[in-house]
Structures are given as C-alpha cells and as structure tokens.
Amino acid sequence: MTAIAPLFSDPYYQAFAAFMTERREPDAIARLRRAAFARFETLGWPTRRQEAWRFTDLAALQALALQRPSNALIDAITLPALETTTHRRVFVNGYFAPSLSPMQPLPDRAIVSNFSQALLSHSDRISSVLDSLPGLQSHPFAALNTAFWEDGAFVYVPQGTVIKEPIHLVFYTTGGDMAVYPRLLLALEDGAQATVVVEYQGQGRSLNAPLAELQLGSSAVLHYHQVQEESLQAFHLGGIRVHQSRASQAHLHLFSSGGQLGRTDLEVLLDGEHAGCLLNGLTLGQENQTGDCHLRVEHTQPHGTSEQVFKSVLDGAARAVFDGMIHVRPHAQKTDARQTSRNLLLSRQAKAHSNPRLEILADDVKCGHGSSTGFLDPDAEFYLRARGIPVIQARALLVHAFANDSLNRIILAPLRERLARLLAVWLGLDSIEGN
Amino acid sequence: MLEIRNLHATVEGREILNGIDLIIRPGETHAIMGPNGSGKSTLANVIAGREGYVVTEGDIFFDGKNLLEMDPETRACEGLFLAFQYPVEIPGVANLYFLKAAVNAVRKYRGEPSVDAMDFWDLIHERMELVKMDESMLKRSVNEGFSGGEKKRNEVFQMAVLQPRFAVMDETDSGLDIDALRVVADGVNALRSPERGFLVITHYQRLLDYIVPDYVHVLVNGRIARSGGKELAVELEQQGYALYNEEPGRARRAA
C-alpha cells in the first residue's frame, strides 16, 4: 500500500485531533473513529497507480484546502422544493436540520432518526452495528467518513415490520470547499421491509463523502434509491455497504447526474441462502463530468441471485467508469449472477471505461456479463427524422429510450416520474409524455 | 408535384444514379422496376435525404421547392413520405408515442397546434383498421420484434396516419406473403387520391397486380432505360431484365 504523503498526513492528523476533543459521545463510537482514522493513515490518499483508482482523477480535489463544515447554515439555507413525504430527514453539510424534517408516527419500535438524537436512547444498537459490516475496508474515504462524520441518519425496522411510506433522506451541501461526511445506518430485522430514497443535492464546490451501511435480516426487503444530483463543481465520493441474510431482497437504484466527479463504491455481501439483489444504475454526464461506479457483489451461500444493470449517457467530454466484480465463493453453488454495462456516447470526446470482472470458485453456477459502448444508431435517427421529427428531438427520443429502461425498474412511482422529468430536462426536452 | 432532373448520385464514392429524369403529377402512381443494383433504393434514399447519398448533379423539385436543400425532417413536414425497405427497430420508443411525435412535428411545422388527444385516438383507430393492425402494436416499441409483414404494415399505417402528399414505397412487397401483400396494397390503394402521388419501387411485377400504376419505368445502371404504361410490367415479368441488363449490377460494382 502506498505510504501517505506527509503533506496530507499532517493537516488530517491535526484536524482529527481537534475534532475528537470536541466530540461528546459514547466511548464505543470514539474507538470506531480512532480505528478508522488509523486505517486512513495506513491507506493514504488514493493514487492512480492503484487499480481501483486508475480512472478516478483526484488531482483537482487534492488541490483544495478543505474545511470542516459549520452547522451555522442549517436554518439559513433554502432547499429546492422537496416533495411532500411522510418521513423525511434533512441534513445540511452533514448536520441534522430539524425544521426541514417532518415526521409522521412510525410503526411500533421502528426508528427513523439522526445519530446525535438516536445515540441518547439507542447507543448500544448503533455502536454494535456501525462500521461492523464487511466491505470497503480499503476505501480511504469510507475510513475518513467513519472518522469524521458529524451526524447521520439512523433507520431501524424491527422484526416483521413493514414501513409502507418511503423514508426520505436528503443530504444537502452548501459548497465553500467543505468536506462533508454524511452517515447512514439502516438495519432491517428479519422479515422487515422498507423503501428509502436518499438524495444528495447541493450548490458550489465541496467534497461530499457519504457512507451508507445497509443491513438486511432474513427475508427482509429493501428498496433503496440514491439520487446524486450535486452541483457540477462538487466532488462526490460515496460508499455503500450491504449485508444480506438468508432470503433477503435488496433493490438498489443509483441515479447520478451531478458532481464534476461522482463516484460510488458499492459492496454487497449475499451472506445467506436464496438472498438476492438488483443493482440498477444510470449515470448522466456532460461537460467534463466523471461518473464512476465500483461494484463488488460477493456470493457466499448457495442459491443467491444478483443482477447488475449499469448504464451511462455521456455528452461533451464526460467520462464514465464502471468496474463491476462478481465474486462467487466455492460454497455458493446454484448462484445466478448477471451483469450488464452499457454506455451511450453522444459526442466524440465522451469516453467510457468498462471493466466487468468475474471470479467464480464454485462449479455449478450461472454467471454472465456483457458490456457495450456505442453511439446513437444513425439508422434509427434517420427513421425518426424521415417522419418529420427534428434531429434534436429525434436524438433525445433515442437517448430517452435507452435510459428510460433503467428508470422503469424503479417501482416507486413518484420518484420514477421525477427522474423521468429530470432526464427530459437533461436532454433539453419540454417533457416526455406517456411513453 | 415531383420533378427529378438529370439526377446523379454517389454512395461511398461509387456512382449509382447516372442521370434520372422523372416527372410525377398529383394523382399519379409511378412504378420503378429494375434488377438488383440498378439504383432503385438509392433513388428512394436520395429523395428522402438520407446521409451518405451524395447528389453530384441534377435537381429534385417538390411542388416547385428545391428538395435537395431540405433536411430529412423538413422534407417529411412538406408532405414527403418514405416507406422503408428495412423499417428500423427502435427499442424503448412506443409506436403510439412515436406516431404522435411525428404528427405533432408536422403540425408544428405548419404552424398548427398539437393534435387533440381524442382526435388523435380516433384517427389512429380509423387508420388501424385500414391495415388491419392489432391495437397491441401501438404499445410495442417501434418495429421491435415485428415480423416482416408487421413491419411493412406499420409503414403503411404510419403513412395513413401522417397522410403525406407524396409517398415513395421502397420494395414494400419484399418479404411479404400474398395475404400481407394484399393488406398492404389495399392500404395504399385506399390512400390514392387526385392530390396524392406515389412512387412504387419494386423488383417484381406481383405488387403491381394490386397497386396498379399509371406509369412503369425500368431502371438499369442508374438510368431509366424505358418507360411505359402498366403493360410494361407484364412484359418485364415475361422477359426479365436481360434485355436491358448486359452488365448486371454494374452500378453497384462500379468503382
């Protein structure tokens, strides 16, 4: 592992020491932070010599003098109109914003809260799960998150409980070169079900490095949606860890259109028989944006299913990176794992790197992957134009058709429709109706 | 309404059309027949404005307007329609949505408001019957998974909805069995009117039993070698193209 550059070590070390003197929290949490910071010191800032960071250029981020966020702005900020949702938790620069967070009564014993609040009454529950899930152990920004998070969202759904209404978590950053480390811990006990929408929004330039930990008990069902539409100056380096027990189902939808650099590292551990996951991603890139997804799906038990479908649409000089690993351990027979990566380039300067990887150590499995990158079909474009549809609209229609396939996998109708509108605006269309 | 003068065109640097002259008046249906490689489809694509088909000499006027200066969508909005030899599959774009977008594009070009939803639905249903199309095809993606016959029917259906003033049918009969051929021909015949012109391109005389043309032209090596009435098609069927075709496919192979 690369030794950390001293230039970086010192400011981070001082920042961490100062940060820890201010914290008032249980010892168990403080221990996690110290361990994570030590891990970061060992890992160091990633370099492009490391395989996992080969296509992610951090030079522009590294040049910034990042600031610790202040909670002074929470009430001063005007958020873009948020849809009316039953359960909402809003975080501004990583701090909880109570005035923006309406809540309706939850089922018995269920918790949707922020960490600082939840630690008062559920300290044991949080510290027993927090940072305990496997995955992303060598991800420096996941380590930084555990060291530096100010607050975060805590969602707990007890055994057999179903929360029908979506839980809406909004993480807003206000720029000013702040380094924000939002945290999310979600625990579904056996047979629990929940639908979660996580939105990353913001303005200006900042580093947003969230870390989400999702734990699914036996037969739990999670519909998780991540919408990353930060400003085009922002750096977003997020991590998601998922741990699934027997017969649990995780549906993860990752939509991304923001950030000069937007990267999500996602690791799913299918750790029980008949566990299954769907990982559905759509990245839109324009100008000099980089949209980056690193996935690892680990099958440890028999009869697991996983499907990865990742698409990108790239205009201008945008770049997309897809690195997807399916790892099937020897014991995980009858695994059914599929992976698709498709990139649509709208300009000659756009670029897509696709790196599908399979490591199969069991002999009775079905695994497959496919990857394609290409331009719009000129024959289809001509066909539409030959019916009178102007070239700009014809191209937009074809892009929409390509991308809409991803959105159609989202069951949550209001979100699906919002993203369809967002896509239409991105394409410069007034609207896409009833397709 | 369509006037082609001394048209020369190349594809990838090869000369395919070598001076075509053709005048089609409103209400007339002309058939172009010819052996493979004679330039039939090139002519259709040049008229529709497809990229890669380069006009090196000559003109095409559509109702007095210079067609070659228009992009493909403008030609369509002016009332020109090409029924494709190979209709393109467009996954993810529903047939109905596509048709509505096309109808509204033409209306916008003419300065008319978008089509009323109820009126559009009525029009669609009426026209579907014309080509005996099943309603389920509306919801399916454009041509995706359609059989050869369904694709060609869909072309005629689009034409019936868009109601162009001039239509080029590029080998609409290829790949059709006799029943499908009849349906397609009935659809075309229903649209024939004193204001509307047709150019029917075909390799075989068979289609012209159903869509009876006013004039038949024989295209050989990128030129019209002979013109006549509908009886010319019958003659060609009996004698083949051998008389005209000392160097078969010369146009296609020419450097």
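Below, chains carry the letters A, B, ... as their sequence lines are ordered, and counting in each starts from 1.
- The closest side-chain heavy-atom distance from Glu73(B) to Ile389(A) is not below 4.5 Å.
- Side-chain contact between Phe98(B) and Arg387(A) is present, with heavy atoms from C-beta onward closer than 4.5 Å.
- Taking the ring axis of Tyr383(A) as reference, the NZ or CZ atom of Arg50(B) does not stay both within 45° of it and closer than 6.0 Å to the ring centre.
- More than 12 heavy-atom neighbours from other residues, nucleotides or ligands sit within 6.0 angstrom of CZ on Phe120(B).
- Heavy-atom contacts from other residues, nucleotides or ligands closer than 6.0 Å to CD of Glu112(B) number more than 12.
- Closest non-hydrogen pair, Ala386(A) versus Ala76(B), comes out as O-CB, 3.3 Å.
- When the salt bridge (Lys or Arg N to Asp or Glu O under 4.0 Å) test is applied to Asp63(B), the partners found at least two apart in sequence or on another chain are Arg165(B).
- Summarising the local packing, CD of Glu417(A) is surrounded by more than 12 heavy atoms from other residues, nucleotides or ligands at distances under 6.0 Å.
- Expressed to the nearest 0.5 Å, how far CG of Leu398(A) lies from CD1 of Ile90(B) amounts to 6.0 Å.
- With a 4.5 Å cut-off on non-hydrogen atoms, Pro164(B) does not touch chain A at all.
- Residue contact with chain A, scored on non-hydrogen atoms closer than 4.5 Å, involves the side chain of Val142(B) exclusively.
- If you tally non-hydrogen atom pairs under 4.5 Å between each of Ala101(B), Ser141(B), Ala102(B) and chain A, the highest count goes to Ala102(B).
- Ranked by non-hydrogen atom pairs under 4.5 Å with chain A, the options Val106(B), Leu82(B), Leu99(B), Leu80(B) are led by Leu82(B).
- For a residue to count as touching a neighbouring chain, one of its non-hydrogen atoms must lie under 4.5 Å from one of that chain's; by this rule Asp379(A) touches chain B with backbone and side chain alike.
- Residue Cys77(B) comes nearest to Gly388(A) through the heavy atom pair SG-O, 3.6 Å, listed as atom of the first residue, atom of the second, then distance.
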Given side-chain contact (heavy atoms from CB on, under 4.5 Å), test Asp71(B) with Val391(A) step by step and report yes or no.
-> CA-CA 9 Å; Asp71(B) 54 32; Val391(A) 61; over 6 Å; no

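- Interface residue Gln158(B): only side-chain heavy atoms are found under 4.5 Å from chain A.
- More than 12 heavy atoms of other residues, nucleotides or ligands shown are found within 6.0 angstrom of CZ on Arg127(B).
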